[in-house]
Structures are given as structure tokens and as C-alpha cells.
Amino acid sequence: MSKQHTLIMPLDMHLHLRDGVMLETVAPLTSYTFSGAVIMPNLVPPVTSKEAVIAYKERILSACGYEMQENDFMDEDGLGGGDFEPLMTLFYQNYDEGFIEEIQDEIFAIKLYPAGITTNSEGGVKSFDIETMRPTLEAMERLHIPLLVHGETDGFVMDREAEFMSIYELLAGNFPDLKIVMEHITTKAAVDMLDKYANLYATITIHHLLITLDDVAGGMMKPHLFCKPIAKRPEDREALLKIALNAHPKVMFGSDSAPHPQDKKEACGCAAGVFTAPIALQLLCELFDDHGKLNNLQSFVSDNAQSIYGICPEFKEVTLVKEAFKVPEKYGNVVPMYSGETIAWSIEDVL
Ligand code: NCD
Ligand code: ZN
């Protein structure tokens with residue numbers, strides 16, 4: 001019999017679902033195998049109001065085939081009904097305290113983008129002036145709302161994340177009770193930062209555990225592997241692998257699955273984002289199995305996030321099997337990572 005592995009309540013702690021037809025295409029692919037996902041707010045326009053958060057959550061649940069029930073957002077166990085919970089985020093701006101108090105029950109976290117650094121981030125933060133940001137960050141700290149950060153400067157593309165470390169230090173040092181998540185880390189510099197501050201955490205994608213810049217641009221240019229932050233050097237990938245495979249307790253899986261239509265990727269001016277949602281768990285099983293670390297995968301894809309955020313997801317049990325799976329060429333008009341290639345693990349069953 002083929003080797004099997006069961007994961008309980010997998011969570012994707014960083015996910016782009018988009019809107020409209022794209023949302024209808026991609027949302028069910030995640031809700032099928034994940035118990036919950038942290039939903040990024042970089043729509044056009046970005047999600048910056050209570051009404052927008054609530055309406056977007058409704059559209060997500062409806063795209064997954066669930067209807068929103070009254071008061072379902074936060075029930076006793078901290079999560080809503082159905083077997084997939086979209087954990088909603090608000091797009092960071094310097095909001096006043098009253099606004100944050102009013103919206104706190106509708107959001108899971110606030111996501112900060114430096115202005116213009118990635119897809120649909122133009123409305124993000126232009127200057128990291130701590131005094132300007134203080135009222136917002138202090139309110140978040142007081143109300144226990146985590147801050148999720150896209151940590152890149154506008155410097156040289158390979159150095160952007162490492163250059164951002166001084167801003168993480170500023171944020172973590174000034175707001176010691178604020179839970180700060182360094183999203184989709186790609187460098188040894190970020191790995192080294194993790195243990196310097198008790199209030200710093202990180203998410204890691206599957207693609208950054210598998211590829212380096214060589215895979216993106218070392219041979220023929222691979223637009224479907226192009227994303228922000230860009231994949232880095234082998235020693236960076238090694239540092240990421242070490243903490244992911246050993247399920248460092250401050251690290252969580254966040255796919256950063258970021259679908260774009262095929263014509264926006266295979267274009268002169270390729271949009272940044274790798275689409276991995278439907279193959280993420282299969283690839284994680286393959287990677288952890290190849291390193292003899294399958295026993296640590298449960299912590300990386302669920303348990304660490306549950307402890308870090310204090311959440312208790314809806315029950316779901318996903319059994320994977322070591323049997324070849326041919327990745328579809330496309331899902332709708334989105335080309336996934338490893339399109340048309342065969343990967344080693346498949347989804348066997350979801351309960
Ligand atoms: C993301 C997107 O397309 O929204 N792109 C990406 O390359 N990761 C935005 C982001 O998370 O940077
Ligand atoms: Zn992202």
C-alpha cells in the first residue's frame with residue numbers, strides 16, 4: 001500500500017483569493033482542503049472599511065458554497081460556521097483608534113504593505129515614521145490585533161527584505177505587545193531576526209522552500225515562478241528549510257498563493273505571484289517526506305498557527321497518499337506552479 005499521511009485542520013496563513021470570477025475559481029480549491037485561511041486585502045480598491053470586510057467575507061463564503069449565517073464570524077470557539085473559515089484582514093492605513101475599535105470584531109489582523117511594493121499596494125505606507133503610525137499601532141496592541149507585514153524596501157530587488165529588517169526592529173521594539181508577523185520570508189536575514197524579538201513571527205510559502213532565483217531566471221524565464229518577494233539564494237532557502245522542516249514554533253505555513261490570469265503572467269510586464277493553492281499540501285508532504293520530517297508537518301501547517309494566534313479551527317481531516325498527481329495545466333484561466341508536471345503526492349480523502 002502507498003504511504004499515507006493525515007493532516008488535521010490545515011491552515012493557510014497568507015492567501016490571495018481576489019474577487020469576481022477569479023474568486024469563484026480559486027476559493028473552492030482552498031476551502032476543499034484547508035480549515036481556514038488568512039485572506040489578503042489587496043483588492044482594487046483595497047479593503048479599508050467595515051462594510052468592505054463584511055461584504056468580501058460574504059462573497060468568499062458564497063464562492064466556497066457556504067452562506068454567511070448571522071453572527072457566524074466569532075462563535076464560542078473564536079471561529080465561524082462551515083468547515084472553512086476566511087480569516088479577514090484590513091488593509092493597513094493610519095486609522096484612528098475609534099475606527100479600529102469599531103471594526104475589531106470583524107477582522108483577524110491588519111496587513112501592512114509598503115506603498116507600491118507589490119500587486120495592488122499603492123495605498124500602502126509611504127513612510128515608516130513611527131510617531132505617525134503610533135496611534136494605530138498602539139490601538140492594535142491594546143486590542144490584540146496582529147500586524148501582518150509585507151517586509152520589503154524599495155531598494156535593489158535581492159536586498160529588499162534584508163533592508164527591511166531595521167523596520168521590523170523598530171516596530172517590534174516600539175510595540176512589544178503587538179504580535180507582528182513577517183509575511184512570506186525569503187532570506188536568512190529574516191530567519192535570524194525571528195528569535196531576536198518575542199513578538200515577531202513568520203510565515204513561509206511552499207515555493208520559497210522549493211526554488212531559488214535560479215529556477216525563476218537562471219535559464220529560460222519562468223513567469224509562473226515570479227513573485228514578490230523574489231526567490232533568493234541557495235543559502236537563504238537552506239535557512240528557511242531548516243526552520244520549516246523543524247517546525248520552529250514561531251513559523252507558520254502561508255502559501256501566498258497569488259493567482260493572476262494567464263495573460264497577465266505570460267506578458268511583457270509579468271504580474272508577481274505564484275499560484276499554489278490546489279497543490280500546496282501535496283508539495284508540503286513531498287518536501288517533508290523527502291527530508292524525513294513528515295512528523296513535523298502538522299505543526300507547520302496548523303498547530304503552530306493555532307498556538308500563535310490562539311485559534312481553534314473547524315474540524316477537517318485531510319489524508320494524502322504518496323501517489324503521482326499530474327498538476328492540471330490550468331484552473332480556469334490561471335496557470336498553477338508545476339502546471340502539467342507530475343508531483344509525488346495526491347489528496348486521498350477529506351473528512
Ligand atoms: C501578491 C499578489 O499578487 O497579490 N503577489 C506576490 O507576488 N506575492 C502580493 C504579495 O503578497 O506580495
Ligand atoms: Zn501575499
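As the structure lists them, so they are numbered: ligands from 1, and atoms in each ligand from 1.
Atom 8 (N) of ligand 1 has its closest protein heavy atom at Asp256 OD2, 2.8 Å. Taking atom 7 (O) of ligand 1 as the reference point, the nearest protein heavy-atom neighbour is Lys228 N, 2.7 Å. Thr118 OG1, 3.4 Å is the protein heavy atom nearest to atom 10 (C) of ligand 1.
Checking Gly254, Ala272, Cys227 against atom 5 (N) of ligand 1, the nearest heavy atom belongs to Ala272. Closest heavy-atom approach to atom 3 (O) of ligand 1 among the candidates Glu152, Arg18, His16: Arg18.
When heavy-atom distances to ligand 1 are checked against a 4.0 Å cut-off, Asn42 comes that close only through its side chain, counted from C-beta outward.
Using modelled atom types, no side-chain atom of Lys250 and backbone atom of Ala202 make a donor-acceptor pair closer than 3.5 Å.
No other N/O/S atom of His16 lies as close to the Zn ion (ligand 2) as NE2 does. The N, O or S atom of Asp256 with the smallest distance to the Zn ion (ligand 2) is OD1.
Scanning all heavy atoms of the two residues, the minimum distance from Met22 to Pro259 falls at SD-CB, 3.8 Å.
Atom NZ of Lys188 is surrounded by 12 or fewer heavy atoms from other residues, nucleotides or ligands within 6.0 Å.
In this structure, His184 has a heavy atom closer than 4.0 Å to ligand 1.
Every residue two or more places apart in sequence or in another chain that forms a ring pair (Phe, Tyr, Trp, His ring centres under 6.0 Å) with His14 is listed here: His16, His184.
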